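Before any comments, here is the structure.
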Amino acid sequence: MLSTMQLSFNPSTVIETALRQIAASCEAFGEDFEPEVRAADPKFGDFQANGVLGFAKRNGKNPRELAQQLLDAANKSGQFDPTLVELSLAGPGFINFKCTRAYLWNWLNQYATPADYQSGAGKLKAGRKVVIDYPSANTAKQAHIGHLRPMVIGEAIARLLDFCGADTVRDNHIGDWGTNFGTLIMQIKRERIDLDQVKEDPLALLDQLYKDGSRLEKEQPNLRDQSRAELLKLQEGDPENTSLWEKIVDISKDAFEKLYQQMGVQIDISLGESFYRDKVERVYRELTETGIAEHSEGALVVWHDEVKKFARDNERPYPFNIRKSDGASNYASTDLATILYRVEHFKAEEVIYLTDARQQDHFQQLFLTTQKWFNLCNYPTPITRHVWWGTILGKDKKPFKTKSGESIKLQTLLDEACERALAVVTEKNSDLPEAERQAIASTVGIAALKYADLASNRTQDYVFDWDRMLSFEGNTAPYLLYAVARINSIFRKAELDPESPIEGAGPLETEAELTLARKLMGLPGALDLTLNDLRPHFLCTYLYELAGAYSSFYNADKVMVDDPPTRAGRLLLCARTRSTLMTGLELLGIQALDRM
RNA sequence: GUGGGCGUAGCUCAGUUGGAUAGAGCAUCGGAUUUCUAAUCCGAGGGUCGGGGGUUCGAAUCCCUCCGCCCAUGCCA
């Protein structure tokens with residue numbers, strides 16, 4: 001019911017529920033009517049119901065007449081208080097809902113702080129146990145630009161799920177048990193490196209040793225045999241190799257930990273592939289016993305005949321290879337062991353994997369295999385999702401690389417972001433003391449980098465452009481941060497706390513005030529969209545539009561006017577904009593600034 | 001070959017899953033500041049939504065067919 005007493009966080013769902021109920025007791029509609037309520041173009045109202053059109057089509061009725069009937073029934077039902085929402089019929093059969101000033105006012109008073117928003121959003125995923133697989137870095141390799149998206153997108157999605165009430169486990173599924181350790185150990189021994197003696201950037205050294213090692217293997221086949229022998233020794237628990245392996249993993253973890261801190265990435269647990277090395281036998285056994293897996297060319301594989309591409313009679317056979325022909329495990333084996341562990345140990349109801357687009361086949365096979373396996377063994381089957389993304393491109397539309405064609409180190413990227421941000425901050429605001437400019441620049445730089453990664457639809461490739469991401473114009477982090485900084489500036493000058501309640505506010509009046517207020521009420525819808533598809537760019541678009549509405553308001557209506565109710569009303573809008581922007585930025589993993 | 005993604009303004013991107021006259025930013029042009037951060041705001045021009053066909057009240061969105069780009073395609077992750 002759309003009343004003052006019971007004000008839902010998301011008005012759209014209330015309208016939808018009410019309409020469904022009204023339609024159910026309406027002769028022309030019935031139980032199966034789906035109202036399809038969504039945000040409307042502001043010129044039509046706040047929300048619109050499109051469901052009548054499709055319903056009329058399916059039933060061979062006149063949509064406009066049906067819409068009129070539903071509208072009449074809605075008005076008669078008493079569920080829509082005319083002082084709070086105005087209903088109207090438009091076009092071929094849309095029903096538009098326009099919230100009144102009174103409704104907007106009530107909503108803004110009920111949902112004022114980040115905690116209020118969270119209490120509203122927290123019902124969306126209340127208590128769901130979700131394991132998120134990210135950022136899953138590899139050991140013994142320096143992080144590069146390819147690690148940017150898993151950190152940025154993964155963190156944003158994890159925060160969103162937390163915010164929406166999920167009980168999340170962020171599991172860093174690191175690659176710490178691959179064939180590369182054979183090569184690495186071979187080369188370490190060959191060069192007689194003492195890892196304890198390496199002081200400066202030991203990860204860079206490991207990176208180099210691996211590159212040298214694999215190059216030498218190609219030139220000298222006997223070294224390849226040595227590497228295989230070292231790997232085998234490691235896998236059999238040889239003390240020397242195990243100790244080397246531990247050092248390599250520690251060096252990698254330390255180096256990544258520094259990056260996680262800079263990037264604001266939080267991790268709950270870090271169970272790498274090595275953790276599952278004694279758990280893959282059970283996978284082989286159960287999948288063989290259930291008849292899901294079979295032997296093929298010496299390997300243990302799973303065919304999925306119902307999917308053409310993975311069927312055994314496909315022209316190009318593409319099985320899910322879960323044990324290599326030499327008996328060793330691969331990432332399919334460990335991923336299977338991992339999902340079982342997540343369900344048995346963490347009681348995961350959902351498991352979300354974050355990787356780039358190229359791994360779609362792997363996850364499709366993994367999910368199919370898991371379903372069949374868990375089904376036959378009577379294990380609870382979790383909801384599985386593969387959240388994937390496109391490539392970061394340079395201006396030439398090819399994968400973004402250094403001029404010499406190498407992949408860009410993540411640290412280099414972060415440093416350059418901060419340097420460039422410092423130049424911008426210095427240019428725009430040279431009055432600030434050096435130390436503060438530095439601090440602002442590092443926040444702005446990282447924010448710009450992250451926001452550029454989040455603002456476009458993740459399934460698309462995007463073009464990396466320093467100037468654009470650091471611009472104060474357009475859909476960028478600086479534009480959003482600037483809006484927050486300006487709000488803070490107003491409260492600072494007024495000597496008020498933006499987080500304290502504001503008393504004595506008069507009603508909203510101007511066009512700019514109302515547009516802003518309506519936009520503020522759009523947060524729940526934006527969160528819904530973002531959560532449904534796990535696509536952070538929906539949230540970005542919303543925040544950008546909100547900041548735009550605020551900037552227009554800021555230019556049109558002076559906040560610190562003499563008339564107390566007007567001033568209080570505008571300050572209230574400022575405070576709400578601030579808390580909404582800060583909430584949204586927080587969800588994106590971006591830190592807001594007091595001033596810039 | 002098969003599968004996935006994609007093609008929207010000169011450039012970079014949205015477009016709530018079939019809805020109302022396809023929207024932003026940059027760039028171009030024209031305006032706004034004795035005023036809370038102008039690092040902003042307001043306005044104008046700019047489109048055969050890759051081409052063609054189909055489905056229907058209605059298509060950038062769904063189907064078919066071409067053209068073009070990216071990615072994956074048996075034991076790397």
Side-chain angles (χ1 to χ4, degrees), chain A residues 36 38-41 43-44 48 50 53-54 56-57 62-64 90-94 96 136 138 173 175 178-180 273 296-301 307-310 314-326 328 330-332 334-335 355-362 364 388 390-391 393 395 397-399 424-425 427-429 455-457 459-463 465 467-468 471-476 478-479 481-483 485-494 525-526 528-529 532-533 537-538 540-541 544-545 548 551-556 558-561 570 574 595-596:
Chain A
E36 293 177 35
R38 55 199 58 168
D41 187 315
K43 65 190 164 205
F44 299 123
Q48 60 178 335
N50 297 345
L53 289 156
K57 186 183 196 167
N62 181 321
R64 184 124 184 140
F94 301 109
N96 290 331
S136 308
N138 289 325
H173 191 68
T179 43
N180 58 326
E273 286 162 355
S296 170
E297 295 178 20
L300 191 60
V301 306
V307 179
K308 195 176 159 199
K309 186 174 187 177
F310 306 132
N314 195 36
E315 43 196 314
R316 290 201 193 191
Y318 194 7
F320 194 44
N321 190 340
I322 65 167
R323 190 180 62 201
K324 299 200 277 184
S325 51
D326 64 3
N330 61 9
Y331 74 126
T334 48
D335 270 356
T355 79
D356 67 45
R358 292 173 300 183
Q359 295 186 41
Q360 288 176 88
D361 289 342
H362 168 74
Q364 201 186 341
W388 53 273
T391 311
L393 305 175
K395 282 182 183 166
K397 298 271 192 161
K398 289 179 180 158
V424 175
V425 172
E427 185 206 331
K428 309 274 190 191
N429 203 343
S456 68
N457 194 338
T459 52
Q460 307 237 33
D461 297 347
Y462 78 93
V463 176
D465 183 340
D467 292 333
R468 203 171 63 237
S471 167
F472 282 76
E473 289 162 46
N475 190 7
T476 66
Y479 181 77
L481 295 176
Y482 178 57
R486 281 171 126 186
I487 297 170
N488 287 331
S489 178
I490 289 176
F491 281 96
R492 209 160 36 235
K493 289 234 161 134
D528 251 7
L529 276 178
N532 277 339
D533 274 1
H537 80 283
F538 286 124
C540 294
T541 302
Y544 173 54
E545 287 172 359
S551 295
S552 299
F553 157 76
Y554 181 94
N555 268 60
K558 187 172 164 62
V559 175
M560 296 308 289
V561 291
R570 292 181 181 170
C574 289
R595 73 174 94 210
M596 62 189 289

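None of the values given here were measured: they were computed from a predicted structure. Here is how names work: the chains are called A, B, and so on, in the same order as the sequence lines, proteins then strands, and each is numbered from 1.
- Residues passing the side-chain contact (heavy atoms from CB on, under 4.5 Å) test with A:Ser552: none are found, sequence neighbours excluded.
- Of the P atoms belonging to B:G52 and B:U61, the separation is 12 Å, rounded to the nearest Å.
- Heavy-atom nearest nucleotides on RNA chain B were determined for A:Pro92 and for A:Thr459, and the one closer to the 5' end corresponds to A:Thr459.
- Going from the C1' atom of B:C26 to that of B:G18 covers 32 Å, rounded to whole Å.
- Both stacking criteria are satisfied for A:Phe94 over the base of B:A20: a centre-to-centre distance under 5.5 angstrom and an angle between ring planes under 30 degrees.
- Only the C1' atoms considered, B:G7 is 15 Å distant from B:A14, to the nearest whole Å.
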| query | If the sugar-phosphate is the primed atoms plus P, OP1 and OP2 and the base is the rest, what is the B/S/- string for nucleotides 27-34 of chain B, using protein heavy atoms under 4.0 Å? | reply | --------

Kindly give the atom pairs (protein nitrogen or oxygen, nucleotide nitrogen or oxygen) under 3.5 Å for nucleotides 10-13 of chain B.
{"residue": "B:U12", "atom": "OP1", "partner": "A:Lys397", "partner atom": "NZ", "Å": "3.1"}
{"residue": "B:U12", "atom": "O2'", "partner": "A:Arg468", "partner atom": "NE", "Å": "3.2"}
{"residue": "B:U12", "atom": "O2'", "partner": "A:Arg468", "partner atom": "NH1", "Å": "3.1"}
{"residue": "B:U12", "atom": "O2'", "partner": "A:Arg468", "partner atom": "NH2", "Å": "2.6"}
{"residue": "B:C13", "atom": "OP1", "partner": "A:Val463", "partner atom": "N", "Å": "2.6"}

| query | Along nucleotides 71-77 of chain B, 5' to 3', which nucleotides get a B, which get an S, and which get a -, given that the test is a protein heavy-atom distance under 4.0 Å? | reply | SBSBBSB

| Which dot-bracket notation, 5' to 3', represents the base pairing of RNA chain B when pairs are defined as Watson-Crick or G-U with both distances under 3.5 Å, crossing pairs as [ ], and inter-strand pairs as |? | (((((((..((((.....[...)))).(((((.......))))).....(((((..]....))))))))))))....

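- With values rounded to the nearest 0.5 angstrom, A:Glu545 atom CD is found 11.5 Å from A:Cys540 atom SG.
- By the side-chain contact (heavy atoms from CB on, under 4.5 Å) test, A:Glu36 pairs with A:Glu34, A:Arg38, A:Asn50, sequence neighbours left out.
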